[in-house]
**Student:** 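Can you keep this structure in mind? I'll have questions shortly.
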Amino acid sequence: MEQKKVRVRFAPSPTGGLHLGGVRTVLFNYLFAKQQGGEFVLRIEDTDQTRFVEGAEEYIQECLRWCGLEPDEDPVKGGPYGPYRQSERKPMYRQYAEQLVNAGYAYYAFDSPEELEAMREVEKAKGNHAPQYNQTIRATMRNSLTLSAAETAELLEKGAPHVVRINMPVNEEVSFTDMIRGTVTFNTSTVDDKVLLKADGMPTYHLAVVVDDYLMKITHAFRGEEWLPSAPIHVLLWKYLGWEKDMPQWAHLPLILKPDGNGKLSKRDGDRLGFPVYAMNWKDPKTGDLTKGFREMGFLPEAFINMLVMLGWNDGSGEEIFSLDELIKRFSIDRVHKGGAKFDFDKAKWFNQQYIQKTDNARLAALLQPVLQEKGITATEDFVMKVTGLVKERCQFVNEIWDHGFFFFQKPTTIDVDSVKPKWTPEKQQFFEEWAAGFAQLPDFNAVALEESFKQLATAKGIKPGELQMPFRIMLCGGKFGPQVFVIAEALGKEETIARIQHALPLFA
RNA sequence: GCCGCGUUGGUCAAGGGGUUAAGACGCCUCCCUUUCACGGAGGAAUCACGGGUUCGAAUCCCGUACGCGGUACCA
């Protein structure tokens with residue numbers, strides 16, 4: 001009987017940058033759907049017009065594209081169950097709200113924001129920490145339960161502002177099976193009469209998820225753990241609407257926590273601790289503030305994805321590096337953790353480094369090209385690839401390729417003279433002059449030949465080769481870093497190597 | 001406050017009645033390399049606490065503590 005095609009959705013609100021946790025939710029959705037041969041849909045939950053942010057939806061789509069987690073159906077490409085923006089689905093919700101009212105599962109409430117506020121003040125004064133519009137309170141408010149049918153009809157007729165609230169039953173047990181947590185039970189007396197349809201005619205999240213998941217034939221609903229407390233409302237709604245047998249299976253994902261202290265990881269933590277929290281750079285159109293993203297920080301999308309999937313899931317094999325295809329094969333909800341995981345930026349960097357190591361030079365070179373262009377450097381594709389090949393093993397971010405390899409493209413701007421000078425001797429100076437003069441005799445200007453002639457001459461002069469290598473490195477690179485010196489010299493070529501030696505020699509004297 | 005969900009090294013975590021309690025990140029020591037990095041070798045948890053159940057518990061049960069989440073006409 002369970003032959004329905006698997007359909008999952010990611011349903012973000014277009015309110016700003018896409019958080020790490022959001023991407024992980026997408027990822028789990030995606031992996032599950034692809035593994036089951038199902039479909040992944042993107043639905044934009046823009047029912048709160050006051051929080052709508054220009055450009056956020058396009059930004060989310062771009063993030064998914066970068067991560068390689070593209071939806072099968074979305075607001076742009078459409079699909080059989082569109083539209084995929086809740087604001088465009090507005091007319092669809094009212095009828096369901098009314099259906100609920102007619103069946104007695106919901107009611108109209110005419111309380112103004114001021115009246116609600118007053119009620120809360122009174123309750124708080126009585127020692128009620130978080131006043132709820134519940135079974136007892138609703139009896140004291142203005143709604144279709146306390147008003148006569150005639151009064152209600154008249155108010156509605158006049159177009160009085162009103163909302164539709166769910167009529168939570170008294171003392172009933174609502175339970176459902178969460179794919180990650182097992183059976184979860186709530187008592188309806190502890191849940192309040194949540195608003196289903198707002199005064200502006202827009203549904204709240206509670207009504208919208210249920211209606212849309214039903215209409216879009218969603219079979220499995222993954223979302224963050226912060227939604228667990230409102231799950232009973234959704235379960236009840238599925239039942240009240242008469243759709244119980246079509247209710248998706250729920251999975252409430254553990255939260256991603258801040259590295260220090262406790263609590264959900266927030267954008268602020270990233271700013272404070274110096275790491276990104278958003279997938280890509282996000283520029284707030286109102287304030288103009290720019291928040292750094294993983295992409296711009298130099299992460300490879302595969303590494304980002306791999307790092308995220310390991311936060312709350314692992315396949316038990318001890319392996320940690322997985323391609324998206326492997327993840328699709330290996331992912332299983334049974335192995336998703338219940339507890340939240342603290343985000344560890346060091347580990348994230350390690351994943352990125354692992355991926356940089358296995359990424360081919362051509363792709364890395366392509367990523368370096370914009371940097372070179374910006375600096376006005378032109379180099380052949382081959383040369384750039386050669387350089388990335390030489391320096392990539394010491395890069396944690398793709399942006400570091402330049403930092404570790406700049407001296408291949410330009411003369412070092414500073415030379416670490418102080419590291420050489422104290423031990424510098426006229427004999428060493430003479431060594432370099434003679435050695436460089438001998439380059440012409442070299443059959444081929446390559447690393448092996450260079451190293452050999454270097455050692456021969458050093459030995460002949462009674463100087464330990466090791467004492468000459470560091471000065472040579474500093475001549476070429478400007479400091480104590482970089483790949484093997486003779487390899488650098490080979491890459492630089494004869495002319496440039498001689499030029500750098502001649503430039504540095506006088507500085508050391 | 002109330003409701004819900006959690007709790008294995010600093011972090012991610014495997015293990016689900018009998019193990020020397022995997023592995024990875026980070027940290028420390030050493031090797032390689034007269035740079036850095038990569039790569040090797042090694043070091044450091046007794047499983048939140050307290051009770052049970054059992055010959056035997058990190059593993060099962062019950063409490064407690066702690067943490068987190070929710071408690072909006074936000075999602």
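So you know, we letter chains A, B, ... as the sequences are listed, proteins then strands, and number each from 1.
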**Student:** Over all strands shown, is A:Arg51 touching base, sugar-phosphate only, or nothing at heavy-atom distances under 4.0 angstrom?
**Tutor:**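 Answer is base: heavy atoms of A:Arg51 come under 4.0 Å of a base.
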**Student:** Please answer whether the main-chain N or O of A:Gly339 pairs with a side-chain N or O of A:His337 as donor and acceptor at a distance below 3.5 Å.
**Tutor:**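 Side chain of A:His337 to backbone of A:Gly339: no pair is present.
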**Student:** For A:Gln396 and B:rC25, give me the distance from atom CD to atom P, rounded to whole Å.
**Tutor:**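 Taking atom P of B:rC25 as the reference, CD of A:Gln396 is at 12 Å.
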**Student:** Picking from B:rU71, B:rC3, B:rC73, which would you name as closest to the side chain of A:Pro113?
**Tutor:**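 Among B:rU71, B:rC3, B:rC73, the one nearest the side chain of A:Pro113 is B:rC73.
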**Student:** Contact class for A:Ser317 vs. all strands (heavy atom < 4.0 Å): base, sugar-phosphate, or nothing?
**Tutor:**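 Contact class for A:Ser317: none.
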**Student:** Students often get this wrong, so: under 4.0 angstrom with heavy atoms, is A:Leu116 touching a base, only sugar-phosphate, or nothing?
**Tutor:**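 Since a base atom lies under 4.0 Å of A:Leu116, the category is base.
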**Student:** Using whole Å, report how far NZ of A:Lys464 lies from P of B:rU34.
**Tutor:**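 So the two atoms are 13 Å apart, to the nearest Å.
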**Student:** A:Thr50 near the nucleic acid: base, sugar-phosphate alone, or nothing, with a heavy-atom cut-off under 4.0 Å?
**Tutor:**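 Touches nothing.
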**Student:** In plain terms, say whether A:Lys347 and A:Glu320 are close enough for a salt bridge, that is, a side-chain N and a carboxylate O under 4.0 Å apart.
**Tutor:**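 Counted as a salt bridge, because a side-chain N and a carboxylate O are separated by less than 4.0 Å.
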**Student:** When the C1' atoms of B:rU29 and B:rA57 are compared, how many Å lie between them, rounded to an integer?
**Tutor:**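 Those two atoms are separated by 36 Å.
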**Student:** B:rG4, B:rU34, B:rA75: which one has an atom nearest the side-chain heavy atoms of A:Gln469?
**Tutor:**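 Closest nucleotide to the A:Gln469 side chain: B:rU34.
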**Student:** At 4.0 Å (heavy atoms only), tell me whether A:Pro254 reaches a base, stays on the sugar-phosphate, or touches nothing.
**Tutor:**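 Nothing, no nucleic acid heavy atom in range.
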**Student:** Do nucleotides 9-19 of chain B as a string where each nucleotide becomes B, S or -: B if the base has a protein heavy atom under 4.0 Å, S if just the sugar-phosphate does, - if no protein is that close.
**Tutor:** --BSSSS----
**Student:** For the P atoms, the ones on B:rA37 and on B:rU59, what distance do you get once it is rounded to whole angstrom?
**Tutor:**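 Result for the P pair: 42 Å, nearest Å.
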**Student:** Suppose you measure atom P in B:rC60 against the same atom in B:rU8; what distance do you get, rounded to whole Å?
**Tutor:**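 Result for the P pair: 14 Å, nearest Å.
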**Student:** State whether a side-chain donor-acceptor pair under 3.5 Å links A:Tyr93 with A:Asp212.
**Tutor:**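 There is such a pair between these side chains.
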**Student:** Quick one: on RNA chain B, does A:Glu393 or A:Asn187 contact a more 5' nucleotide (nearest heavy atom)?
**Tutor:**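 This one resolves to A:Asn187.
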**Student:** So, does A:Trp313 use its side chain to make a donor-acceptor pair with the main chain of A:Ser332 at under 3.5 Å?
**Tutor:**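 Yes: the side chain of A:Trp313 pairs with the backbone of A:Ser332.
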**Student:** Look at the side-chain N and O atoms of A:Lys392 and state whether any lies under 4.0 Å from the OP1 or OP2 oxygen of B:rC38.
**Tutor:**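 Looking at the OP1 and OP2 atoms of B:rC38, neither is under 4.0 Å from any side-chain N or O of A:Lys392.
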**Student:** Considering heavy-atom distances to RNA chain B, does A:Arg120 or A:Met470 have its closest nucleotide positioned more toward the 5' end?
**Tutor:**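 The 5'-side residue here is A:Met470.
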**Student:** Dot-bracket notation for RNA chain B is requested: 5' to 3', Watson-Crick or G-U wobble pairs only, both distances under 3.5 Å, with ( ), [ ], | and . as defined.
**Tutor:** ((((((((.[[[..)..(....]]].(((((.......)))))....[[[[[..)....]]]]])))))))....
**Student:** Which part of the nucleic acid, if any, lies within contact of A:Gly263, taking any heavy atom under 4.0 Å across all strands shown: a base, the sugar-phosphate backbone alone, or nothing?
**Tutor:**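 Contact class for A:Gly263: sugar-phosphate only.
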**Student:** Base, sugar-phosphate alone, or nothing: which one does A:Gln353 contact when heavy atoms must sit under 4.0 Å apart?
**Tutor:**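 Sugar-phosphate, no base atom in range.
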**Student:** Distance check, P atoms only: B:rC2 and B:rC12, in whole angstrom units.
**Tutor:**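 These two P atoms come out 29 Å apart once rounded.
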**Student:** Please classify the nucleic acid contact of A:Gln484 as base, sugar-phosphate, or nothing, using heavy-atom distances under 4.0 Å.
**Tutor:**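 Base, at least one base atom sits under 4.0 Å.
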**Student:** What integer number of Å spans the C1' atoms of B:rA14 and B:rA45?
**Tutor:**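 To the nearest whole Å, 14 Å.
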**Student:** Could you give the distance separating B:rU64 and B:rG23 at their P atoms, to the nearest angstrom?
**Tutor:**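 Rounded to whole Å, the distance is 37 Å.
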**Student:** Nearest whole angstrom, please: distance from the P of B:rC38 to the CD of A:Glu400.
**Tutor:**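 Going from CD in A:Glu400 over to P in B:rC38 covers 11 Å.
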**Student:** A:Leu207 has an atom CG; how far is it from atom P of B:rC74, in whole Å?
**Tutor:**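 From A:Leu207 CG to B:rC74 P: 13 Å.
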**Student:** Should the pair A:Glu123-A:Arg120 be classified as a salt bridge under the 4.0 Å nitrogen-to-oxygen rule?
**Tutor:**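 Looking at A:Arg120 together with A:Glu123, the answer is no, because their closest N to O distance does not fall below 4.0 Å.
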**Student:** Between A:Arg473 (side chain) and A:Phe481 (backbone), is there a donor-acceptor pair under 3.5 Å?
**Tutor:**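 Yes, A:Arg473 side chain to A:Phe481 backbone: donor-acceptor pair under 3.5 Å.
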**Student:** Could you check whether A:Asp200 gets within reach of a base, just the sugar-phosphate, or nothing at all, counting any heavy atom under 4.0 Å?
**Tutor:**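 Contact class for A:Asp200: none.
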**Student:** Separation of A:Gln135 atom CD from B:rC2 atom C1', in whole Å?
**Tutor:**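 In whole Å, B:rC2 C1' and A:Gln135 CD are 13 Å from each other.
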**Student:** Closest to the A:Glu225 side chain: B:rC25, B:rC74, B:rC5?
**Tutor:**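 Shortest atom-to-atom distance from the side chain points to B:rC5.
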**Student:** In whole Å, what is the span from the OH atom of A:Tyr93 to the C1' atom of B:rC73?
**Tutor:**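 Distance, rounded to whole Å: 16 Å.
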**Student:** Going through the checks in order, is the salt bridge (charged side-chain N to carboxylate O under 4.0 Å, His left out) test met by A:Asp346 and A:Lys349?
**Tutor:** CA-CA 5 Å; A:Asp346 281 326; A:Lys349 286 195 283 194; 3.6 Å; yes
**Student:** For the side chain of A:Leu228, counting heavy atoms from C-beta on, which of B:rC5, B:rC3, B:rG70 is nearest?
**Tutor:**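 That would be B:rC5.
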**Student:** Using a distance-only test with no angle check, is there a side-chain donor-acceptor pair under 3.5 angstrom linking A:Asp416 and A:Thr414?
**Tutor:**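 Their side chains do not contain a donor-acceptor pair, so the 3.5 Å distance test is not met.
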**Student:** Assess whether a salt bridge exists between A:Lys264 and A:Glu225, defined as any Lys/Arg side-chain N lying under 4.0 Å from an Asp/Glu carboxylate O.
**Tutor:**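 Answer for the salt bridge query: no.
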**Student:** Under 4.0 Å between a side-chain nitrogen and a carboxylate oxygen: does that hold for A:Lys194 and A:Asp192?
**Tutor:**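 Salt bridge present between A:Lys194 and A:Asp192.
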**Student:** Suppose you measure atom C1' in B:rC28 against the same atom in B:rG1; what distance do you get, rounded to whole Å?
**Tutor:**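 Pairwise C1' distance, B:rC28 against B:rG1, rounds to 47 Å.
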**Student:** Could you check whether A:Arg223 pairs with A:Glu45 (Lys NZ or Arg NE/NH1/NH2 to Asp/Glu carboxylate O, under 4.0 Å)?
**Tutor:**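 Result for this pair is no, no salt bridge flagged.
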**Student:** Write down the distance between CH2 (A:Trp350) and C1' (B:rG23), rounded to a whole number of angstrom.
**Tutor:**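 It is 10 Å, rounded to the nearest whole Å.
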**Student:** Within the 4.0 Å heavy-atom criterion, would you say A:Val209 contacts the bases, only the backbone, or no part of the nucleic acid?
**Tutor:**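 Since no nucleic acid heavy atom lies under 4.0 Å of A:Val209, the category is nothing.
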**Student:** Select one nucleotide: of B:rG4, B:rG69, B:rC25, the one nearest the side-chain heavy atoms of A:Phe186.
**Tutor:**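 Out of B:rG4, B:rG69, B:rC25, the nucleotide with an atom closest to A:Phe186's side chain is B:rG4.
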**Student:** What distance, rounded to whole Å, do you find between the two P atoms, one in B:rA21 and one in B:rG16?
**Tutor:**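 Roughly 14 Å separates the two P atoms.
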**Student:** Can you label the angle between the A:Trp435 ring and the A:Phe432 ring as parallel, tilted or perpendicular, going by 30° and 60°?
**Tutor:**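 A:Trp435 and A:Phe432: perpendicular rings.
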**Student:** Counting only side-chain N and O atoms of A:Thr204, is one of them less than 4.0 Å from OP1 or OP2 of B:rC74?
**Tutor:**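 False: A:Thr204 side-chain N/O out of range (4.0 Å or more) of B:rC74 OP1/OP2.
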**Student:** Specify the separation, in whole Å, of atom CD of A:Gln357 and atom C1' of B:rG39.
**Tutor:**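 These atoms are roughly 11 Å apart.
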**Student:** Would you call A:Arg142 and A:Glu115 a salt bridge, using N to O less than 4.0 angstrom?
**Tutor:**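 Here A:Arg142 pairs with A:Glu115 in a salt bridge, since their nearest N and O are under 4.0 Å apart.
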